[in-house]
Q: 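The structure is given below, and queries will be raised subsequently.
Heavy-atom basis, side chains included; hydrogens, waters and symmetry copies ignored.
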Amino acid sequence: MERAVSQLEESKRSGDSESILSLSLHELHEKLQSGFLTPDSVLHAYMNKALEVNKELNCLTDFLPDCQNQLQSFKEEKKGLLYGIPISIKDNIDCKGHDSTCGLRTFLNQPATKDSVIVQVLKKQGAIPFVKTNVPQSLLSYECSNPIFGQTLNPHNTKRTSGGSSGGEASLIAAGGSILGIGSDIGGSIRVPASFCGICGFKATGKRLSTIGFRASVPGQKAITAGIGPLARDVDSLAFCMKALLCEDLFRLDPTVPPIPFNDEVYSSSKPLRIGYYESDGYWLPSASMKRAVMETKQLLEQAGHKLIPFAPLKTSYAMNELVLKGISADQANTILERIKGDIIDPRLKDLFYVHRIPVILKKILYFLMKPFNPRMADILRCLCGVGSISDLWKQHTAREAYCEEYISLWKSQNLDVLLCPALGPAFLAGIAGKLTVTASYKLIFNLLNFPAGVVPVGKVIEKDENELKDYVGYYNDFWEKTFKKNVSDAIGLPIAVQCVALPWQDELCLRFMKEVERVTQKNRAI
């Protein structure tokens, strides 16, 4: 990439990088469409900044030299909606001629034979994919580290993690090295790094966008639905990206995607909303800053004329244990174990992989021994044993469907439009997230339900949060809660966010709600 930057400079096709990097996506789009800026100068600015950012944060895994060829093709092609916009791409998304490693040795030196459908559509819309970004080993962690590319750090505090699994994306965008990125989310993998790094991230309803050419963490499992979506510095950029992707090219390239264009009328509506909200899901007690973020945002939304209604999350412990953990471990974790076989295990993720390697019979024994004094850990071990037969797997799928129906019925009984709830944060100390997968309930539940969900930064950790955190014991006062307390302490000044949720296929409504949250919390973010 250094050579590509030098070539653009030598050919006098670079511009005023500082002014280019200061533009919002909307402003950049207008200047590119009008010809005031050229794609060459914009690409140069972002390549140069990405190189600078990477030296400190280690967020890149690959340079995509085809971006230079795209510059030449623009002379003959019609300007698409994303004409000239440089875009970063998560490691597990196929780009022709490049590996999609998932941080695993088994996928090294296996370059993709063609672009994923999403990358094809981005290019047809004139976007310029220029780098791929880092992920945790196997994708199954809120850490962002692997033995191939190393650890990605948080731009707000390099002693803390960027989050995962789209951690390279969030870190790069937050530090200014990319204006727009594409990630995947099977349990918070877009939303957690976005909240940790203080940017916006959106997980669309499953199948609203194509997953062809995305390498999954646990292929074949049906317990939770992976979502695709953009990450950016503001909500309008997320919506603009979704509008560009939901086009005829997408529907033609992947006929399994419902041909539903982006609904601008819903996104731009100013109609008051009925908003459900909760501070805790009853499974994991949030930090003081997580709770304050929700309650302050609730108050601001009420002042803006919206109706806020308390919402009680439905049987979160049951959903996490019996539906999520048991479902994703239905094969007794054989898929995950096969992928890491013979690989160097990242030291920050050893706890995660170690528990999967415990023989099933030993897990069952440990469950009975631990049940009296550590019931949560005991239940998790039991559920990690997977399902006993195909018949049991079908029953588990049926239970998941029943839970989704019950959750939607509860939602509709309160006549809600959207839901406001906590976003995990602040960012954990680097190297610890692998020990805190249990905190995933606030994000995973919406993959189980296949609801569109996004995060919006609403402020920063303050001294009051730190003082209240001293009394934190959680629901069980167990090892995980003690570790969590330690790792979200001493975080004054770090970003905090809230999560915005809507019913399936109401992606534009979810984005509209995110935009409203962004608007009413603008003063808080500036403090």
Q: Tell me, yes or no, whether the heavy-atom count around Gln303 atom CD, taken from other residues, nucleotides or ligands under 6.0 Å, exceeds 12.
A: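 It does: Gln303 CD has more than 12 such atoms within range.
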
Q: Treating Asn92 as the side-chain partner and Cys102 as the backbone partner, does any N or O pair qualify as donor plus acceptor under 3.5 Å?
A: no

Q: With Asp264, which residues qualify under salt bridge (Lys or Arg N to Asp or Glu O under 4.0 Å), at least two apart?
A: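 So Asp264 forms a salt bridge (Lys or Arg N to Asp or Glu O under 4.0 Å) with Lys243.
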
Q: Distance-only, no hydrogens or angles: does the Gln125 side chain make a donor-acceptor pair with backbone N or O of Leu245 under 3.5 Å?
A: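 Side chain of Gln125 to backbone of Leu245, a donor-acceptor pair under 3.5 Å: no, none is there.
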
Q: How long is the gap from CG on Leu314 to CD1 on Ile408, to the nearest 0.5 Å?
A: 11.0 Å

Q: With sequence neighbours excluded, give me every side-chain hydrogen bond (donor to acceptor under 3.5 Å, both in side chains) pair touching residues 310-321.
A: Lys315-Glu406

Q: Give a yes or no on whether the backbone of Ser287 and the side-chain of Glu468 come within a donor-acceptor separation of less than 3.5 Å.
A: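 The answer is no, because no donor-acceptor pair under 3.5 Å joins these two groups.
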
Q: Check step by step if salt bridge (Lys or Arg N to Asp or Glu O under 4.0 Å) holds for Asp417 and Arg274.
A: CA-CA 5 Å; Asp417 294 313; Arg274 282 181 60 87; over 6 Å; no

Q: Applying ring pair (Phe, Tyr, Trp, His ring centres under 6.0 Å), which residue pairs with at least one partner in residues 185-205 are found, sequence neighbours left out?
A: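 Non-adjacent pairs meeting ring pair (Phe, Tyr, Trp, His ring centres under 6.0 Å): Phe196-Phe428.
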
Q: Verify side chain to side chain contact (heavy atoms under 4.5 Å, CB included) between Leu503 and Tyr407, making sure each step is shown before the conclusion.
A: CA-CA 10 Å; Leu503 290 174; Tyr407 204 106; over 6 Å; no

Q: Does the ring of Tyr472 carry Lys485 above it, NZ/CZ under 6.0 angstrom from centre and within 45° of its axis?
A: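 Cation-pi check for Lys485 and Tyr472: fails.
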
Q: Whether the Ser162 and Asn154 side chains hold a donor-acceptor pair (N or O, under 3.5 Å, no angle test) is what I'd like checked.
A: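 Ser162 vs Asn154: no donor-acceptor pair found between side chains.
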
Q: Taking the side chain as every heavy atom from C-beta outward, state whether Val501 and Val418 have any atom pair closer than 4.5 Å.
A: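 Of all side-chain heavy-atom pairs linking Val418 with Val501, none is under 4.5 Å.
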
Q: For Val488 and Leu469, what are the C-alpha separation, side-chain angles and deciding distance, and is it a side chain to side chain contact (heavy atoms under 4.5 Å, CB included)?
A: CA-CA 9 Å; Val488 296; Leu469 191 62; 3.7 Å; yes

Q: Which heavy atom of Ala288 sits nearest to which heavy atom of Asp465, and what is that distance?
A: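 Heavy atoms of Ala288 and Asp465 come nearest at CB-O, 3.6 Å.
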
Q: Which side-chain N or O atoms in residues 171-179 pair as donor and acceptor under 3.5 Å with protein atoms at least two apart or in another chain?
A:
{"residue": "Ser171", "atom": "OG", "partner": "Leu153", "partner atom": "O", "Å": "2.9"}
{"residue": "Ser178", "atom": "OG", "partner": "Ser88", "partner atom": "OG", "Å": "2.8"}
{"residue": "Ser178", "atom": "OG", "partner": "Leu180", "partner atom": "N", "Å": "3.4"}
{"residue": "Ser178", "atom": "OG", "partner": "Leu180", "partner atom": "O", "Å": "3.0"}

Q: Residues two or more places apart in sequence or in another chain: which of them pass salt bridge (Lys or Arg N to Asp or Glu O under 4.0 Å) with Lys207?
A: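 Here the qualifying residues are Asp254.
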
Q: Decide whether Tyr267 and Asp236 meet the rule of one side-chain donor and one side-chain acceptor closer than 3.5 Å.
A: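 A pair is found: one side chain offers a donor N or O, the other an acceptor, under 3.5 Å apart.
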
Q: Between Ile128 and Ile85, is there a side-chain heavy-atom distance shorter than 4.5 Å?
A: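 The answer is no; the side chains never approach within 4.5 Å.
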
Q: So, Lys298 and Glu302, do they make that salt bridge, N to O below 4.0 Å?
A: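 Here Lys298 pairs with Glu302 in a salt bridge, since their nearest N and O are under 4.0 Å apart.
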
Q: Would a distance-only check, ignoring hydrogens and angles, find a side-chain to backbone donor-acceptor pair under 3.5 Å from Thr205 to Trp505?
A: yes

Q: Can Arg292 and Glu296 be counted as an ion pair, charged N to O under 4.0 angstrom?
A: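 Here Arg292 pairs with Glu296 in a salt bridge, since their nearest N and O are under 4.0 Å apart.
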
Q: Can you see whether His397 engages Glu401 through a side-chain donor-acceptor pair at a distance of less than 3.5 angstrom?
A: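 His397 vs Glu401: no donor-acceptor pair found between side chains.
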
Q: So does Ser189 get a backbone contact from the side chain of Ser166, meaning a donor-acceptor N/O pair under 3.5 Å?
A: yes

Q: Let's go through Ile496 and Ser195 carefully: what are the C-alpha distance in whole Å and the side-chain angles of both, what is the deciding distance for side chain to side chain contact (heavy atoms under 4.5 Å, CB included) to 0.1 Å, and is it a yes or a no?
A: CA-CA 6 Å; Ile496 54 174; Ser195 62; over 6 Å; no

Q: Are any side-chain N or O atoms of Arg191 and backbone N or O atoms of Lys443, one a donor and one an acceptor, separated by less than 3.5 Å?
A: yes

Q: If every non-hydrogen atom of Phe446 is compared with every non-hydrogen atom of Ala453, which pair is closest and at what distance?
A: CB-CB, 4.4 Å

Q: When you measure from the side chain of Arg160 to the backbone N and O of Ala430, does any donor-acceptor pair fall under 3.5 Å?
A: no

Q: Would you please test His26 and Phe240 for ring pair (Phe, Tyr, Trp, His ring centres under 6.0 Å) and show each step?
A: CA-CA 8 Å; His26 177 71; Phe240 190 71; 7.3 Å; no

Q: State whether a side-chain donor-acceptor pair under 3.5 Å links Ser41 with Thr38.
A: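 Their side chains do contain a donor-acceptor pair, which is all the 3.5 Å distance test asks for.
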
Q: So Trp284 and Tyr475, side chain to side chain contact (heavy atoms under 4.5 Å, CB included) or not? Walk me through it.
A: CA-CA 7 Å; Trp284 185 269; Tyr475 289 122; 5.5 Å; no

Q: If you count the non-hydrogen atoms of other residues, nucleotides and ligands that lie under 6.0 Å from CD in Glu248, is the total more than 12?
A: no

Q: Please find the pair of heavy atoms, one from Ala50 and one from Phe130, that lie closest to each other, and give the distance.
A: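 Between these two residues, the closest heavy atoms are CB-CE1, 4.1 Å.
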
Q: State which residues pass side-chain hydrogen bond (donor to acceptor under 3.5 Å, both in side chains) with Ser237; sequence neighbours excluded, sorted by chain then number.
A: Asp234

Q: Ignoring hydrogens and angles, state whether a donor on the side chain of Ser184 or Lys90 is under 3.5 Å from an acceptor on the partner side chain.
A: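 Short answer, yes.
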
Q: Ser17 and Asn48: side chain to side chain donor-acceptor pair (under 3.5 Å), yes or no, with the steps?
A: CA-CA 9 Å; Ser17 292; Asn48 207 24; 5.0 Å; no

Q: Between Leu285 and Gly474, what is the shortest heavy-atom contact and its length?
A: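 Leu285 and Gly474 have their closest heavy atoms at CD2-CA, 3.7 Å.
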
Q: With heavy-atom distances below 4.5 Å as the criterion, would you say the side chains of Pro422 and Gln499 are in contact?
A: no

Q: How long is the gap from CG on Asp91 to CG on Leu139, to the nearest 0.5 Å?
A: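 Reported to 0.5 Å precision, the distance equals 7.5 Å.
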
Q: Does a side chain donor of either Thr61 or Asn134 reach within less than 3.5 Å of an acceptor in the other side chain?
A: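 Per modelled atom types, Thr61 and Asn134 side chains form no pair under 3.5 Å.
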
Q: Taking atom NZ as the centre, does Lys464 end up with more than 12 heavy-atom neighbours from other residues, nucleotides or ligands that are less than 6.0 angstrom away?
A: no

Q: Has the side chain of Thr439 got a donor or acceptor atom that lies under 3.5 Å from a matching backbone atom of Leu436?
A: yes

Q: Checking Arg208 side chain against Val257 main chain: does a donor-acceptor pair fall under 3.5 Å?
A: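 Absent.
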
Q: If we count only N and O atoms by modelled type, under 3.5 Å, do the side chains of Lys470 and Ser489 hold a donor and an acceptor together?
A: no

Q: Would the distance check show the side chain of Gln414 and the main-chain N or O of Ile309 forming a donor-acceptor pair, the cut-off being under 3.5 Å?
A: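 Checking the backbone N and O of Ile309 against the side chain of Gln414, no donor-acceptor pair under 3.5 Å is found.
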
Q: Step by step, work out the salt bridge (Lys or Arg N to Asp or Glu O under 4.0 Å) result for Arg376 and Glu481.
A: CA-CA 11 Å; Arg376 178 160 58 187; Glu481 284 161 331; 3.0 Å; yes

Q: Show the nearest heavy-atom pair for residues Leu511 and Met242, with the distance to one decimal.
A: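 Smallest interatomic distance, heavy atoms only, reads CD1-CG, 4.1 Å.
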
